[in-house]
Protein chains: 2
Amino acid sequence: MRDPAERGTRDRILAVAEASLGAHGYHGTRLHEIASRVGIQKASLFHYFASKEQLYRAVVEQGMGETEQLIRHALESAGSLFDKLRTLLEAYVDLVALHPERTKILLRQTLGDAPESYQPADSDSERLLKLVSTFIREGQRKRVFAPIDPQALVLGIVGMVAFFFTSAPVLAPHWVANTTSAAAIAQIKRHVIEVVERALTPERA
Amino acid sequence: MRDPAERGTRDRILAVAEASLGAHGYHGTRLHEIASRVGIQKASLFHYFASKEQLYRAVVEQGMGETEQLIRHALESAGSLFDKLRTLLEAYVDLVALHPERTKILLRQTLGDAPESYQPADSDSERLLKLVSTFIREGQRKRVFAPIDPQALVLGIVGMVAFFFTSAPVLAPHWVANTTSAAAIAQIKRHVIEVVERALTPERA
DNA sequence: GTCTATATAGGGATAGAC
DNA sequence: GTCTATCCCTATATAGAC
């Protein structure tokens with residue numbers, strides 16, 4: 001990290017590793033494949049990362065960091081609570097759409113796919129969840145949002161969005177052939193926003 | 001299958017394999033571990049299944065079959081469309097809650113976690129999805145359900161529910177400490193039903 | 001049908017030259 | 001910092017006795 005000359009290759013390794021880990025999971029990923037795609041020899045990887053596990057950790061950390069940044073930024077945006085909500089959802093969908101492999105890795109991690117020795121720093125994810133659910137709870141206190149379980153809502157959204165971009169292309173290829181197309185992303189965005197807004201809009205009875 | 005004497009051990013292998021595959025994924029699963037838990041030697045597994053891949057296929061097939069049965073049954077239940085919807089959602093949540101490992105396997109499969117040579121019979125899952133989305137589309141035609149994208153809704157529900165029982169316990173352990181408790185299942189059921197009903201209830205404007 | 005013993009391959013990791 | 005060569009372990013799978 002201190003040596004700028006190393007950055008180039010190191011970053012390329014991280015990028016390729018993210019793709020491989022997303023596609024095949026931790027145990028299914030072959031260091032040989034990563035090296036090959038980067039254009040170096042397998043042994044050269046060990047110059048940058050001490051082990052497969054360390055490489056995995058680096059990839060995960062990078063992904064979590066960017067996600068947190070994005071969420072904080074969206075929650076600080078201007079407008080009404082529903083405006084903020086919308087901004088957040090749009091940004092989140094965009095993020096997942098832009099990094100489906102990363103999403104797969106995080107999803108897989110919650111399924112237990114990780115090095116045996118891995119102790120997930122779940123404080124990260126928990127902190128993120130709390131950030132958003134607190135935002136919703138605030139809105140409920142002000143009677144702007146309907147009194148639905150905030151934690152469940154947030155978890156459900158995360159699962160839903162992740163599923164759209166990771167599993168849906170496999171399960172329902174005819175529905176969204178290409179989840180990277182602008183049209184597909186817009187469609188999913190609209191859907192998510194509609195469902196969430198309906199869930200959070202107070203009864204007008 | 002023809003030899004009844006074989007059924008006992010074979011079924012136990014399938015059950016144990018489901019648990020292991022769910023917990024560690026295909027590549028992370030060790031045949032040695034399965035054999036050990038069944039109480040036999042690793043080599044004995046090959047008497048029942050020709051390869052690790054065949055064992056995997058058997059586990060997946062069994063899981064898909066039961067899921068399809070359940071969905072068909074729920075859709076044939078009595079009552080209004082909203083009644084049927086409710087019955088379906090409750091049964092589905094119960095199924096996932098009862099078989100979290102199975103759910104993990106199917107989730108993982110959509111993420112690309114499977115033997116290299118594996119050609120997923122996605123016709124199965126596509127057929128299932130179509131079954132439910134057709135039901136919703138029918139309700140929309142009759143103006144009972146709001147005109148939301150049926151495919152997206154169904155995929156979203158599947159992702160949401162799966163996430164609750166597989167990832168949420170890891171991500172938010174304080175939220176639902178034990179997703180197998182009756183109370184937790186009831187809570188999740190209520191949440192899912194509320195979100196879906198709100199999404200499908202036509203505007204009263 | 002279950003066992004012990006073993007074959008075979010693949011993959012993570014290291015050694016050491018350049 | 002990248003390479004070639006190699007170590008070494010683990011995991012799937014097979015052979016063949018009982």
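In what follows, every heavy atom counts, from backbone to side chain, and hydrogens, waters and symmetry copies are set aside. Each chain gets a letter, A, B and so on, in the order its sequence line appears, and its residues count up from 1.
- Distances shorter than 4.0 Å separate some side-chain N or O of B:Ser44 from OP1 or OP2 on C:dC3.
- Rounding to whole angstrom units, CD of residue A:Gln54 and P of C:dA13 are separated by 10 Å.
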message = With ring pair (Phe, Tyr, Trp, His ring centres under 6.0 Å) as the criterion, how do A:His27 and B:Tyr26 come out once you've worked through the C-alpha distance, each side chain's angles and the decisive distance to 0.1 Å?
response = CA-CA 8 Å; A:His27 293 287; B:Tyr26 180 77; over 10 Å; no

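- What separates OH of A:Tyr26 from P of C:dG11 is a distance of 14 Å, to the nearest Å.
- Residue A:Thr9 places at least one side-chain N or O closer than 4.0 Å to OP1 or OP2 of D:dT2.
- Side-chain contact annotation: B:Tyr48 with B:Gln54, donor-acceptor N/O pair under 3.5 Å absent.
- Between A:Arg30 atom CZ and C:dG11 atom P the separation is 5 Å, expressed in whole Å.
- A straight line from NE2 of B:His32 to C1' of D:dC9 spans 15 Å, rounded to a whole angstrom.
- Two residues are said to be in side-chain contact when any heavy atoms from C-beta on lie closer than 4.5 Å; B:Ile148 and A:Glu194 meet this criterion.
- Side-chain proximity of B:Ile40 to D:dT4, C:dC3, C:dG11: nearest is C:dC3.
- The nearest whole Å value for the distance from the CG atom in A:Leu55 to the P atom in C:dG11 is 16 Å.
- Heavy-atom distances to DNA chain C give each of B:Gln41 and A:Ser51 a nearest nucleotide, and the one nearer the 5′ end belongs to B:Gln41.
- Atom CZ in B:Phe49 sits about 14 Å away from atom C1' in C:dG1, given to the nearest Å.
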query = Run the side chain to side chain donor-acceptor pair (under 3.5 Å) check on A:Tyr56 and A:Gln109 step by step: do they pass?
reply = CA-CA 11 Å; A:Tyr56 175 80; A:Gln109 188 170 314; 3.1 Å; yes

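- Of the candidates D:dT2, C:dA13, C:dT14, C:dA13 carries the atom nearest the A:Lys52 side chain, counting heavy atoms from C-beta on.
- The NE2 atom of A:His27 sits 13 Å away from the C1' atom of D:dT10 (whole-angstrom rounding).
- With hydrogens and angles left out, the side chain of A:Lys42 and the base of C:dG11 share no donor-acceptor pair within 3.5 Å.
- Minimum atom distance to the side chain of B:Phe46 is reached by D:dA13, of the listed C:dG1, D:dA13, D:dT2.
- Taking atom NE2 of residue B:His24 and atom P of nucleotide D:dA11, one finds them 12 Å apart after rounding to whole Å.
- Each of C:dG1, D:dT4, D:dA13 was ranked by its minimum atom distance to the side chain of A:Ala43; first place goes to D:dT4.
- When side chains are defined from C-beta on, A:Ile13 counts as touching A:Ile40, because their heavy atoms get closer than 4.5 Å.
- In this structure, the nucleotide among C:dC3, D:dT2, C:dG1 sitting nearest to the side chain of B:His47 is C:dG1.
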